[in-house]
Amino acid sequence: MNVEEQHIKSLVRETIYAAAMFLDDQKWNDWIDQCDESFHYSVVTYSHEVRKDLTYLLMSHKEMHPYFDLLPKHNTDHSPLRRHASIYTVDVSEDGKTAEAVTSFIMTQEMIDGISAPLYSGENRLYLTGKYYDKFKIDGESVKFTERVARVYTRRFDKGTHWVF
Amino acid sequence: MPARNHKQWSAKPDLELGEWVDSRIYSDEEIFEEELDKLWKKSWIALCHESELPEPYDFRTGIIAREPVIMVRGPDNKVRAFLNVCPHRGMTIERRPSGSFAPAQPSGNPKHMTCLFHAWQFDMKGNCVDIPRQKEGYQDRLDKSSQGLRALRCEVKYGGFVWVCLDDHTEFNVETWAAGAMDCIKDSLDAEPLELIHYHKAIIDCNYKLWHDTNSEFYHDYMHYHNRITGFNDDYFQRECSAYDNGHVNVGTFTVNYEEYDVAEDRGTLSFPNLPPDNWYMVDMFPGLNFNLRGSVVRMDLMTPLSANQVMIEFRGFGLKSDSPEDRAHRIQHHNSIWGPLGRNLHEDLIGVAGQGTTMTPKSEPRRILHGRHEGAYIHDEIGMRHFYESWGKKMDRLPSDPEQKYKAGKVMGPEMPPAKGLSTFAGKGA
Ligand code: FES
Ligand SMILES: [Fe+2]
């Protein structure tokens with residue numbers, strides 16, 4: 001592996017971890033800024049219950065701002081979702097202009113609303129497990145997401161959420 | 001009136017019988033057990049859709065009133081239902097939620113249901129076809145021909161839903177059970193084959209009826225910014241609620257203005273067959289099943305009551321089997337935008353009932369739960385819940401507002417009155 005490839009790989013890793021921090025902190029605009037205009041985001045799963053691949057969310061770059069800008073008009077559970085991510089692989093193309101990465105993640109929910117706030121607030125629950133399949137466009141020091149497929153292994157969501165994974 | 005003391009708080013509300021219920025019907029374990037026997041074991045329940053078992057030997061498992069159920073498609077293409085219980089020593093015959101009996105199992109032959117415990121095998125009609133070392137163990141005392149599975153009443157009806165009833169002696173078939181409630185959507189469901197496009201589930205610490213209530217009343221659209229912005233117009237306030245025998249209810253249609261919501265798209269061109277563009281019907285089937293035809297997608301909620309204060313809700317979405325990949329993607333998008341696990345509305349609805357469940361735990365102080373709005377049977381009239389609880393009271397022989405008492409008729413219909421003009425009454429539209 002040459003030095004240039006090493007450097008790109010570390011840039012990609014930093015980008016993925018920065019995205020995890022932005023999403024944890026609900027800094028949606030900072031996350032969107034990491035994405036190229038061609039960006040597509042999806043949440044998919046394989047359901048053993050119905051033996052099918054299912055899509056739980058599909059969003060293009062232009063839909064992202066309205067999606068997040070409208071959140072304050074909606075009633076959302078207050079319990080924050082946070083992820084623990086481990087990057088498994090980063091592969092850089094030969095020309096160094098694109099890269100792909102696979103990241104395993106779990107999400108926990110810090111109960112605030114809980115079911116009964118006096119009872120459950122303060123505890124953490126496992127919310128979901130999944131893997132990010134990311135694609136990037138590299139331009140010098142700039143690394144932009146062009147695609148994120150969040151493949152989750154969870155089909156039970158109880159109250160659900162308005163916050164993306 | 002200022003905040004009330006205990007006597008005022010627990011006094012009978014200034015409403016008529018039938019216009020409120022006692023919260024014990026949502027939290028009392030004894031009532032819950034009785035509901036399983038008198039309601040859930042007597043009703044037709046749509047447990048899954050035929051597209052979940054498309055091939056011969058496919059199966060799907062489910063639960064009604066704690067009884068494990070298995071639905072299988074036979075080589076004759078017929079879907080049958082059985083208790084998922086081995087007649088030998090009561091093992092669950094099939095442990096997975098779905099799959100196929102076509103391949104061999106570790107302890108069984110292809111094309112058989114095999115109980116893994118002692119390898120008794122059954123065919124797709126529920127006949128017991130093999131008992132290992134039958135002769136040696138049972139001599140002539142017990143023969144496999146007497147050891148078939150427990151068959152259940154099963155019908156595929158209304159767009160391919162697989163309906164099961166635990167009561168062998170029910171006087172109803174699915175159509176007479178529905179008593180006309182499904183008529184408003186049946187031509188759309190039956191026009192061409194449907195296919196499942198969405199599935200997820202929730203387990204919520206609340207009584208199943210609270211979810212059914214939420215599906216039966218639209219007054220809570222105040223909670224949904226999406227519905228206020230796309231819906232609150234004069235047509236919306238003219239949607240009629242209708243009551244049917246056996247406790248079912250449906251809500252008539254109007255045209256939803258999806259473009260009013262920034263990130264939504266018009267669903268007109270993909271609207272279901274025999275449905276005017278962007279129209280929306282809702283059918284609530286007693287005691288805990290809901291069909292929601294919203295333009296381009298059908299949603300079906302199936303409730304599985306787990307205890308007085310816990311319910312599993314399975315959410316399914318359907319498109320047309322003939323969909324092109326592009327159309328399918330749009331339908332999934334339409335579905336998810338409001339009803340997916342990250343959807344705008346479903347999350348809000350679930351927060352609502354979870355909050356109710358919190359205030360109505362078993363043995364908590366009984367509360368009055370009101371449904372006394374009369375608006376000429378239009379959309380914010382709570383006639384749906386009143387009708388449900390009248391049927392509930394009759395079938396349970398309990399008075400919903402005082403469940404220790406025997407049933408007596410309450411008030412379902414209100415005075416005739418013109419529909420409300422909702423826009424003027426809510427300043428928060430679009431706020
Ligand atoms: S319990 Fe099923 S074969 Fe024995
Ligand atoms: Fe709702």
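Below, all heavy atoms of this structure are taken into account, side chains as well, without hydrogens, waters or symmetry copies. Just so it is clear: chains get the letters A, B, ... in the order the sequence lines come, proteins before strands, and each one is counted from 1. Since this is a predicted model, take the numbers as computed values, not measurements.
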More than 12 foreign heavy atoms under 6.0 Å from NZ of A:K52: is that the case here? yes
Report yes if the side chains of A:E63 and B:Q333 come closer than 4.5 Å at any heavy-atom pair, otherwise no. yes
Count the heavy atoms of every other residue, nucleotide or ligand shown that sit under 6.0 Å from NZ of B:K111, and state whether that count exceeds 12. no
Side chain, backbone, both or neither: which part of B:I332 has an atom under 4.5 Å from a heavy atom of chain A? side chain
Are there residues of residues 31-46 of chain A that reach to under 4.5 Å of chain B by heavy atoms, and which ones? none
Does A:Y17 OH have over 12 foreign heavy atoms under 6.0 Å away? yes
What option among B:G317, B:P97, B:S51, B:A329 has the most heavy-atom pairs under 4.5 Å with chain A? B:P97
Would you find a donor on one side and an acceptor on the other, under 3.5 Å apart, between the side chain of A:D158 and the backbone of B:I204? no
Based on non-hydrogen pairs under 4.5 Å, which of B:V353, B:I313, B:L350 is most in contact with chain A? B:L350
Determine the option with the most heavy-atom pairs under 4.5 angstrom with chain A, choosing from B:L196, B:L53, B:N345, B:T61. B:L196
Give the minimum heavy-atom separation between A:Y56 and B:Y199, together with the two atoms involved. OH-O, 2.7 Å
Hey, is CZ on B:R96 packed in by over 12 heavy atoms from elsewhere, all under 6.0 Å? yes
Give the minimum heavy-atom separation between A:V50 and B:E52, together with the two atoms involved. CG1-OE1, 3.7 Å
Looking only at non-hydrogen atoms, find the nearest pair between B:N336 and A:L57 and report the distance. ND2-N, 3.8 Å
Can you name the nearest heavy-atom pair linking A:L54 to B:I197, along with the distance? CD2-O, 3.7 Å
Name the region of A:S47, side chain, backbone, both or neither, that has any atom closer than 4.5 Å to a heavy atom of chain B. side chain
Can you find a pair of side-chain heavy atoms, one from B:M223 and one from A:N75, that are under 4.5 Å apart? yes
For the residue pair B:H347 and A:K159, what are the closest heavy atoms and their distance? ND1-O, 2.6 Å
Contact check, side chains of B:R344 and A:Y67, non-hydrogen atoms, under 4.5 Å: yes
Can you tell which part of B:Q356 gets under 4.5 Å to a heavy atom of chain A, answering side chain, backbone, both or neither? neither
Considering only NZ, NE, NH1 and NH2 on the basic side and carboxylate oxygens on the acidic side, decide whether B:D58 and A:R51 come within less than 4.0 Å. yes
I'd like to verify something: which residue of B:G340, B:G99, B:C206, B:G352 has the highest number of heavy-atom pairs under 4.5 Å with chain A? B:G99
Checking an interface table here. Which of residues 145-157 of chain A come within a heavy-atom distance under 4.5 Å of chain B? A:R155, A:R156, A:F157
Highest number of heavy-atom pairs under 4.5 Å with chain A among B:H198, B:R60, B:E314, B:R316 belongs to B:R60
Can a donor-acceptor pair be found, under 3.5 Å and without considering hydrogens, that links the side chain of A:H48 to the backbone of B:S98? no
Against chain B, work out which of A:T161, A:D53, A:L71, A:L58 has the most heavy-atom pairs shorter than 4.5 Å and name it. A:T161
